[in-house]
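Here the structure comes first, spelled out in structure tokens, and everything after it is commentary.
Chain naming here is simple, since letters A, B, ... match the order of the sequence lines and numbering starts at 1 in each.
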Amino acid sequence: GAVVSQHPSWVICKSGTSVKIECRSLDFQATTMFWYRQFPKQSLMLMATSNEGSKATYEQGVEKDKFLINHASLTLSTLTVTSAHPEDSSFYICSARPGNQPQHFGDGTRLSIL
Amino acid sequence: QKEVEQDPGPLSVPEGAIVSLNCTYSNSAFQYFMWYRQYSRKGPELLMYTYSSGNKEDGRFTAQVDKSSKYISLFIRDSQPSDSATYLCAASPMGTASKLTFGTGTRLQVTL
């Protein structure tokens, strides 16, 4: 149990394109989901906390207009990277908490901007 | 100073060895401690979590927390090549619902 699914797993697109990444909790409901970014050989950096039915909470230094988060249901949160540029290329990972358990993570989305 | 420090490795051990992975932390408010395993190009997978000080065992894995020295450990017995991955420690202050602070991860290689 406690499966978090992320889609797509890999996306390549041109500079200036907007890219949407989906995060789903498959067998539990999640009022809160988390979005992370991970650069090669580095740890996870929290970008924002996604709250169902309300605005996301962004970490310091993360542009909320650049990284749009929508958490419209208890099983789905989306991250949209708007007008993506090569410096936005990274590994984006979401997580969710089943009940009072620690965060369970999706398999990540590798984003490459040409 | 980072709140959670972890030696990035790489750590290379022969199959069957006992592996010791460690982290130190500086925030006294941390109460919950987790270990995640991350294979290349995959998301982290929760291995174990513990509350406050003490030991917790699950199969070949043992997690240990010493709050007096702000030191957390993960031991892997009878290591297997399939254990080769990056191991991330994480901590949070107020329960599993709080934001996690991660270490940088230790890359482990178990050789035949």
Side-chain angles (χ1 to χ4, degrees), chain A residues 1-11 21-26 28 30-51 56-60 62 79 90-112, chain B residues 1-11 21 23-25 30-52 56 58 61 63 65 72 74 85-109:
Chain A
V3 177
V4 176
S5 175
Q6 203 170 328
H7 178 81
S9 57
W10 193 12
V11 58
I21 303 169
E22 292 186 349
C23 180
R24 294 181 185 272
S25 55
L26 296 187
F28 65 96
T31 55
T32 303
M33 292 184 174
F34 302 86
W35 287 97
Y36 294 82
R37 186 172 179 175
Q38 186 177 35
F39 290 105
K41 298 187 179 181
Q42 294 188 26
S43 191
L44 285 77
M45 296 299 296
L46 180 65
M47 298 175 65
T49 302
S50 170
N51 303 297
T57 304
Y58 290 82
E59 295 300 300
Q60 191 174 10
V62 177
L79 169 68
S90 190
F91 192 47
Y92 293 87
I93 313 174
C94 70
S95 71
R97 293 184 299 108
N100 291 324
Q101 292 185 37
Q103 295 176 31
H104 285 67
F105 288 82
D107 268 345
T109 296
R110 188 162 303 278
L111 175 62
S112 297
Chain B
Q1 181 191 11
K2 294 181 181 178
E3 285 191 293
V4 179
E5 300 271 6
Q6 188 175 6
D7 187 335
L11 176 64
L21 302 166
C23 291
T24 59
Y25 64 94
F30 286 154
Q31 297 285 340
Y32 288 84
F33 305 92
M34 297 99 188
W35 283 97
Y36 288 87
R37 177 175 62 194
Q38 186 176 24
Y39 291 111
S40 181
R41 302 191 178 195
K42 292 288 187 181
E45 170 193 1
L46 178 67
L47 283 176
M48 302 184 71
Y49 65 99
T50 55
Y51 170 71
S52 194
K56 186 175 183 179
D58 184 1
F61 299 91
V65 176
I72 56 178
L74 178 70
T86 297
Y87 290 79
L88 297 155
C89 62
S92 70
M94 280 173 46
T96 57
S98 302
K99 292 190 294 187
L100 297 179
T101 301
F102 282 90
T104 52
T106 298
R107 192 156 58 92
L108 172 67
Q109 182 72 38

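Taking CZ of R41(B) as the reference point, atom CH2 of W10(A) lies at 6.5 Å (rounded to 0.5 Å). Atom-to-atom distance recorded for Q38(A):CD and L88(B):CG is 7.0 Å, nearest 0.5 angstrom. To the nearest 0.5 angstrom, L100(B) atom CG is 6.0 Å from F105(A) atom CZ.
Other residues, nucleotides and ligands place no more than 12 heavy atoms under 6.0 Å from the NZ atom of K42(B).
S43(A) places a side-chain N or O within donor-acceptor distance of the main-chain N or O of G103(B), the cut-off being under 3.5 Å.
Contact check for Q38(B) versus I93(A): side-chain heavy atoms found under the 4.5 Å cut-off.
Here R110(A) is the residue among Q42(A), R110(A), K41(A), M45(A) with the most heavy-atom pairs under 4.5 Å with chain B.
Of the two parts of Y36(B), only the side chain, counted from C-beta on, holds a non-hydrogen atom closer than 4.5 Å to a non-hydrogen atom of chain A. Contacts of Q6(A) with chain B are absent, with no heavy-atom separation under 4.5 Å from either backbone or side chain.
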